Amino acid sequence: MTETVTVRVPAKVNVQLAVGGARPDGFHDLANVFLAVGLYDEVTVTAADELRVTCAGPDAAQVPLDRTNLAARAAVELARRYGIDPAVHLHIDKDIPVAGGMAGGSADGAGALLACDALWGTNASRDELLGICAELGSDVPFSLVGGAALGTGRGEQLRALEVGGTFHWVFAMAERGLSTPAVFREFDRMNHGLRVPEPVASQDLLDALAKGDAGALARTVSNDLQPAALSLFPALADTLAAGRAAGALAALVSGSGPTTAFLAPDAGSAKTIAGALLASGTCRSARVTQSPAPGATVL
Ligand code: C5P
């Protein structure tokens, strides 16, 4: 029997995040265009006496190691469905920023699920895995599939999208995190009394992705959570301005933030933008990467 399984899972950026009004269940309907990017967490699962979570990486101290961790919840749910004791050691090598708006927690949930499925030989179908992911969180199904996808409902109902080329990105990590529920609450507060339109995916944006046209993508990216994230974290405006001044084609908050995303014309410019962002003193670190990236993969 396999003793240890490692799964690599990508981060995401939302190139469009259209947010509708609050639903009766507290969630918001979305038109969420996910793009997986080449920053990865690795989840390693090993048989153990009891369920245990450990984490290594620059942000490791901020990661909960109890059963609220999405990796632990994924293992417990798969075990429950197959009548297995979830006695495993889950180790997370964390490179995706924590509470950053890049689906790092979701990545760990999807990674643990795929790793436990392989370790235990449960051979759950893709649909069952996606169903468990959707129970764990709105962004978790996308972490499993990667590439690019349009998420509707609360973001968990996915349609794969075509991507016709490589996009070059810089991500600037902020000094502190932002809570996703707090950003949605701020969105509700700012839109109180206003008619929030139905979220709809932009056809121009989908065409830009399909063509691999960075200039066209830059003209069509949008994030309805950005005003709320900036309201809670006003200094992010300085980071966005620094990236634009350094030649980014587009600058936006990634998901609920506070990580900011900069679309670059090519790999060389991405390096220049990252250097300028670091020199500006408006972020903790800046990383260069590309998209699309594959979904959760057993190594
Ligand atoms: O689904 P997930 O657990 O990742 O969502 C975290 C929080 O983000 C939710 O509790 C909710 O406050 C907010 N959210 C939302 N609408 C969505 C997705 C998330 O309001 N479509």
Side-chain angles (χ1 to χ4, degrees), residues 9-36 41 43 53 59 62-64 66-77 92 94 96-113 129-146 149-159 177-192 194 196-201 222-233 253-259 295-296:
V9 199
K12 59 85 181 162
V13 63
N14 309 86
V15 284
Q16 184 185 4
L17 185 44
V19 182
R23 312 192 310 201
D25 65 1
F27 284 89
H28 297 71
D29 279 322
L30 306 177
N32 192 348
V33 182
F34 292 104
L35 189 57
D41 280 0
V43 182
V53 181
D59 287 356
Q62 297 162 54
V63 175
D66 59 14
R67 288 200 175 211
T68 64
N69 188 299
L70 279 176
R73 288 179 49 202
V76 167
E77 178 56 20
I92 302 165
K94 182 150 270 306
I96 305 174
V98 174
M102 297 191 77
S106 301
D108 302 341
L113 187 64
L129 293 176
L130 284 170
I132 298 174
C133 287
E135 277 180 30
L136 295 172
S138 309
D139 288 349
V140 185
F142 180 71
S143 298
L144 189 73
V145 303
L150 170 62
T152 51
R154 59 187 170 82
E156 87 289 12
Q157 294 161 27
L158 297 179
R159 170 161 75 84
L178 269 178
S179 138
T180 301
V183 175
F184 274 103
R185 276 197 302 276
E186 182 66 0
F187 173 89
D188 290 338
R189 193 191 64 77
M190 293 173 82
N191 288 285
H192 185 72
L194 302 176
V196 179
E198 287 292 304
V200 183
S222 67
N223 179 358
D224 288 353
L225 290 182
Q226 183 159 314
L230 285 171
S231 167
L232 296 176
F233 200 149
V253 169
S254 178
S256 58
T259 305

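On a predicted model such as this, the values are computed, not experimentally measured, just so you know. Start at 1 with the first residue, then count along the sequence. Counting starts at 1 for both ligands and their atoms, in listed order. No hydrogens, no waters, no symmetry mates; every other heavy atom, side chains included, goes into these values.
Judged by the shortest distance from any of its heavy atoms, G26 lies inside the 4.0 Å radius around the atoms of ligand 1.
A perpendicular orientation is assigned to the rings of F187 and H28, their planes being inclined by more than 60° (bins at 30° and 60°).
Nearest protein heavy-atom contact of atom 7 (C) of ligand 1 is P181 CG, 3.9 Å. Protein heavy atom closest to atom 8 (O) of ligand 1, with residue, atom name and distance, is T180 CG2, 3.4 Å. Taking atom 3 (O) of ligand 1 as the reference point, the nearest protein heavy-atom neighbour is G137 CA, 4.1 Å. From the protein, the heavy atom lying nearest to atom 5 (O) of ligand 1 is F27 CE2, 3.9 Å. The protein heavy atom nearest to atom 15 (C) of ligand 1 is H28 ND1, 3.5 Å. The shortest contact between atom 18 (C) of ligand 1 and any protein heavy atom is with S138 OG, 3.5 Å.
Side-chain N or O atoms of E186 include none that pairs as donor or acceptor with a backbone N or O of L230 at under 3.5 Å.
Heavy-atom contacts of R154 reach the following atoms of ligand 1: 1 (O), 17 (C), 18 (C), 21 (N) (cutoff under 4.0 Å).
Side-chain contact between V145 and L130: present, with at least one pair of heavy atoms (C-beta onward) separated by less than 4.5 Å.
At a heavy-atom distance under 4.0 Å, only side-chain atoms of F184, from C-beta outward, approach ligand 1.
We find the CG-CD distance between N32 and E156 to be 10.5 Å, quoted to the nearest 0.5 Å.
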Item to check | Working for side-chain hydrogen bond (donor to acceptor under 3.5 Å, both in side chains), residues T259 and S254 | outcome: CA-CA 6 Å; T259 305; S254 178; 5.9 Å; no

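Around atom CZ of R67, no more than 12 heavy atoms belonging to other residues, nucleotides or ligands sit under 6.0 Å away.
If you run side chain to side chain donor-acceptor pair (under 3.5 Å) between S256 and each of N223, T180, D139, N14, only T180 comes through.
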